[in-house]
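Below, each value reflects all heavy atoms present in this structure, side chains not excepted, and no hydrogens, waters or symmetry copies. For reference, positions follow the sequence shown, starting with 1.
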Amino acid sequence: MRTRLYRVLLLALSAAAMPAAQPAPESAAVTIANVGARRSVNLNGKWQAIVDPYETGYYDFRLQPDKDGFFKNARPKDKSERIEYDFDASEQLDVPGDWNSQRDTLFFYEGTVWYKRSFDYRARPGTRLFLYFGAANYQAIVYFNGDELGTHTGGFTPFAFEVTGRVRQKDNFVVVKVDNKRHRDGVPTVNTDWWNYGGLTRGVSLVELPATFVEDYFIQWKKGAAGAIAGWVKLNGPQRRQRVTVTIPEAGISGSLTTDANGYGELSIPAKLDFWSPENPRLYQVNVAAETDSVEDSIGFRTISTKGADILLNGKPVFLRGVSIHEEAPFRAGRAYSREDARTLLGWAKEMGCNFVRLAHYPHNEFMLREADRLGLMVWEETPVYWTIEWDNPGTFANASRQLLESMTRDRNRASIILWSVANETPVTEARTTFLRKLVRQARLEDPTRLLTAALLHHGDGGPAQDNDILIDDPLGADLDVLGCNEYIGWYDGLPDKADRSNWKSIYQKPLVMSEFGADALFGLHGDALTRWSEEYQESVYRHQLQMLDRISFLRGTSPWILMDFRSPRRTLPHIQDYFNRKGLISLRGEKKKAFYVMQDYYRMKAHPVD
């Protein structure tokens, strides 16, 4: 055991000492909306993998990029040639999946792992071919048949590279250099409170598309105009001027547009449709048909807005009965990635009485959004601008901006998403507020139909009752539609009964979602209500919290922290945490703690209030 742990720590420390690789520009990546509806070849499964803590496969001994690196997938031509790697003789890793949970020796590893997959392919005439990745954490440099295609930075959003003209009938190979080292200028930065799962964490496929295809589209109720849907379509390819028809056959709706020289066109269509809601999560099959391509999507139609301190879903006030969720796999730990994972996690949320989930602290896999659409769960989706990043660094902003845009591109047609979040628990400084305001402006331009939020912090109001009065006055609040706030009264801040004396104020006439509150408890550990780490202590925190929250006149939602226990390197207490954050209302094994039932009862009351 000591030897294995030593090897694990040695790998982690040696990898952390290496500089980041300098790959090709990210502009080579292509955006493709609704990949799941496209003809594709699945490349999931076993991939050969080489663990490379010193990045020997990328740099020479002078730390210069090596033109004959591992990406060449070379083999000795004769018995005398020296080649010091062999993908085919190397161990394998599952894709999708993180490497940390697949091998004990990689549990703490942060660094480079090279992935390789070979395949044959028969090209279809007139077809373009794209190599698509659901996500790779954190930096991925992609090579095809020995040539570099490009790079992608950011661990939670999809990307694709075109390989049309590069593919051959036999013996194609894809090599991906995946590096999950944390960087001070990264998004997120070096300090987080979740496991830095590395690898090809979501699916990989070859996507087949016509020469000119529907690259992106957005169809939803026309903002401010009841009785009409509006949207736009973007084509990619040589034949960009086309007539495009948008139809909803089951509702007898049809409209058309003509794209311009850039392949872009807008439309507005009179429509009478059922509204999507938690009570009636109605989805319509929407067909977007150009002259050269068509794609079908399941889309719900709803409106979301605010009025004073109220959140209005389809014009009616709604209380967001929520819970926060990390992308941790139930029962097995590791990064969640499958439809089954999504159904389990969101099924637990529904069982608790939720109509809303906060997907923290980064964009989750697309199955989560598709299932939320189907189940009628409203969603808060978040960009990983977390804690203290480099607010004055233009490269850091460009990274955050790109990740925000990529998540919005993938998920803009999901009715479940009502809130885009631009940050979590960031310190109030001029540089930070300027940074986040730029993200807010970008998000509004990209999607004017949804609400914007961020998880803010709070402080005492400075008056004579400072210990009891809590003020929300973050200057970013002026730019948001909905205020989020994280607080841990009873856990990091006093004992549970402190909540009884706490009174909340805000300088804004806006709705508040209490985006985090809670306490740690090890399932099965029992004691009295003041015994830390026990289910009874956690239960007490929740009971006091809910009484306090009910006194906040502008509160319009809650998302306690968190649905299920999750791994975190920050949580080291032996026999209690063991590298898990234990604030889950449910254990990793699916066991419900006492506080789960407190929230279930509270949400039952919120769903059916007694006058």
Salt bridge flag under 4.0 Å for residues D481 and R450: no
Plane angle bin for F517 and Y542 - parallel if under 30°, tilted between 30 and 60°, otherwise perpendicular: tilted
Whether W47 side chain and L43 backbone form a donor-acceptor pair below 3.5 Å: yes
Residue list, side chain to side chain donor-acceptor pair (under 3.5 Å) with T409, at least two apart or on another chain: R412
Distance under 6.0 Å and angle within 45° of ring axis: K592 vs Y597: no
Charged tip of R410 within 45° of Y132 ring normal and under 6.0 Å: no
Under 3.5 Å side-chain donor-acceptor pair for E110 and N196: yes
Centroid separation H326 to H361 less than 6.0 Å: yes
With T157, the side chain to side chain donor-acceptor pair (under 3.5 Å) member among R202, R402, E406: E406
Stepwise ring-ring contact (aromatic ring centres under 6.0 Å, His included) check, W391 with F435: CA-CA 6 Å; W391 306 111; F435 184 109; 5.1 Å; yes
F130-F213 aromatic ring centre distance below 6.0 Å: yes
Pairing residues for Y579 by the side chain to side chain donor-acceptor pair (under 3.5 Å) criterion, not counting sequence neighbours: none
Heavy atoms from other residues, nucleotides or ligands near CZ of R589 exceed 12 (cutoff 6.0 Å): no
For A372, all residues meeting side-chain contact (heavy atoms from CB on, under 4.5 Å), sequence neighbours excluded: L346, L377, V379, S416
Ring centres under 6.0 angstrom apart (F580, W195): no
NZ/NE/NH1/NH2 to OD/OE distance under 4.0 Å, D297 and R414: yes
W276 and Y284 aromatic centres sub-6.0 Å: no
N100 side chain to G198 backbone, donor-acceptor under 3.5 Å: yes
